[in-house]
> 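Mind having a look at this structure? Questions to follow.
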Amino acid sequence: MAQSDFFENVYGVVRLVPAGRVTTYGAIAAYLGSKRGARMVGWAMNNAHGRPDVPAQRVVNRNGVLTGKNFFGSSTQMQDLLESEGVKIKDDQVVVFQEYFWDPGIELL
DNA sequence: TCACTGACTTGGC
DNA sequence: CGCCAAGCCAGTG
């Protein structure tokens, strides 16, 4: 038992997110089966601190805002990482987020 | 065992 | 258009 398959699932999905793309907590939660479980996804990300394999910078809220940037070393760390992958960030949110949005329940089909 | 919190989402006022 | 309340699951006190 992996403490929580939910967490492992989240890590797996986030890890599957291609560079230059971003996903949302709700998308992952919905992919796992709990739309409102988006909070759990954020919880998993909090635990993801010990998982460098989990690109949490590609995980944003449904508004495309870097909600978790505060959890990174620097407030600009997350933004810089995304910009480094080709994702434009403005005002702490992903520009044309709709085009960068990567839904595991659709793209992964 | 119960209650609170948490990187969210949606709906109502 | 902006703020408040409710719902979700899991973990910790």
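In what follows, chains are A, B, ... by sequence order, proteins preceding strands, each numbered from 1.
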> Among A:L66, A:V22, A:D80, A:V60, find the one that has a side chain to side chain contact (heavy atoms under 4.5 Å, CB included) with A:I89.
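For A:I89, the side chain to side chain contact (heavy atoms under 4.5 Å, CB included) check succeeds only for A:L66.
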> Can you check whether A:Q79's main-chain N or O pairs, donor with acceptor, with A:T76's side chain at less than 3.5 Å?
no
> Quick one: A:N70 CG to B:dG6 C1', roughly how many Å, whole number?
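Taking CG of A:N70 and C1' of B:dG6, I get 13 Å after rounding.
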> B:dT9, B:dT5, B:dA7: which one has an atom nearest the side-chain heavy atoms of A:A38?
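Output: B:dT9.
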> Whole angstroms only, please: what is the CG-P distance between A:N46 and C:dT12?
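In whole Å, C:dT12 P and A:N46 CG are 11 Å from each other.
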> For A:N47 and A:R39, find the nucleotide of DNA chain C closest to each by heavy atoms; which residue's nucleotide sits nearer the 5' end?
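The residue whose closest nucleotide sits nearer the 5' end is A:R39.
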> Look at all strands and tell whether A:A44 reaches a base, only sugar-phosphate, or nothing, counting heavy atoms closer than 4.0 Å.
nothing
> Tell me if a side-chain donor or acceptor on A:N46 pairs with a main-chain N or O of A:G42 at a distance below 3.5 Å.
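Side chain of A:N46 to backbone of A:G42: no pair is present.
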> Are the side chain of A:N61 and the backbone of A:N63 linked by a donor-acceptor contact shorter than 3.5 Å?
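Yes: the side chain of A:N61 pairs with the backbone of A:N63.
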> Are any non-hydrogen side-chain atoms of A:R58 and A:V87 less than 4.5 angstrom apart?
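Side-chain contact under 4.5 Å: no.
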> In whole angstroms, how far is the C1' atom of B:dG6 from the CZ atom of A:F7?
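Those two atoms, CZ and C1', are 10 Å apart.
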> Provide, to the nearest angstrom, the distance between the CZ atom belonging to A:F101 and the C1' atom belonging to B:dT9.
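Rounding to the nearest Å, CZ of A:F101 and C1' of B:dT9 are 13 Å apart.
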> Heavy atoms under 4.0 Å, any strand shown: does A:R62 hit a base, just sugar-phosphate, or nothing?
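Contact class for A:R62: sugar-phosphate only.
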> Can you check the A:F6 CZ to C:dC8 P distance for me, whole Å?
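For the pair A:F6 CZ and C:dC8 P, the rounded distance is 13 Å.
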> Write down the distance between CZ (A:R58) and C1' (B:dA7), rounded to a whole number of angstrom.
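In whole Å, B:dA7 C1' and A:R58 CZ are 17 Å from each other.
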> For nucleotides C:dA5 and B:dC4, find the distance between their P atoms and express it as a whole number of Å.
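The same atom, P, in both gives a distance of 15 Å.
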> How long is the line joining CD of A:Q93 and C1' of B:dC8, in whole Å?
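Roughly 17 Å, once rounded to whole Å.
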> Classify the nucleic acid contact of A:G37 as base, sugar-phosphate or nothing, counting any heavy atom under 4.0 Å across all strands shown.
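The answer is nothing, as A:G37 stays clear of every strand by at least 4.0 Å.
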> What is the distance, rounded to the nearest whole Å, between atom CE of A:M45 and atom C1' of B:dA7?
8 Å
> Using both distances under 3.5 Å as the test, list the Watson-Crick or G-U wobble partner of B:dA3, or none.
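WC or wobble partner is C:dT12.
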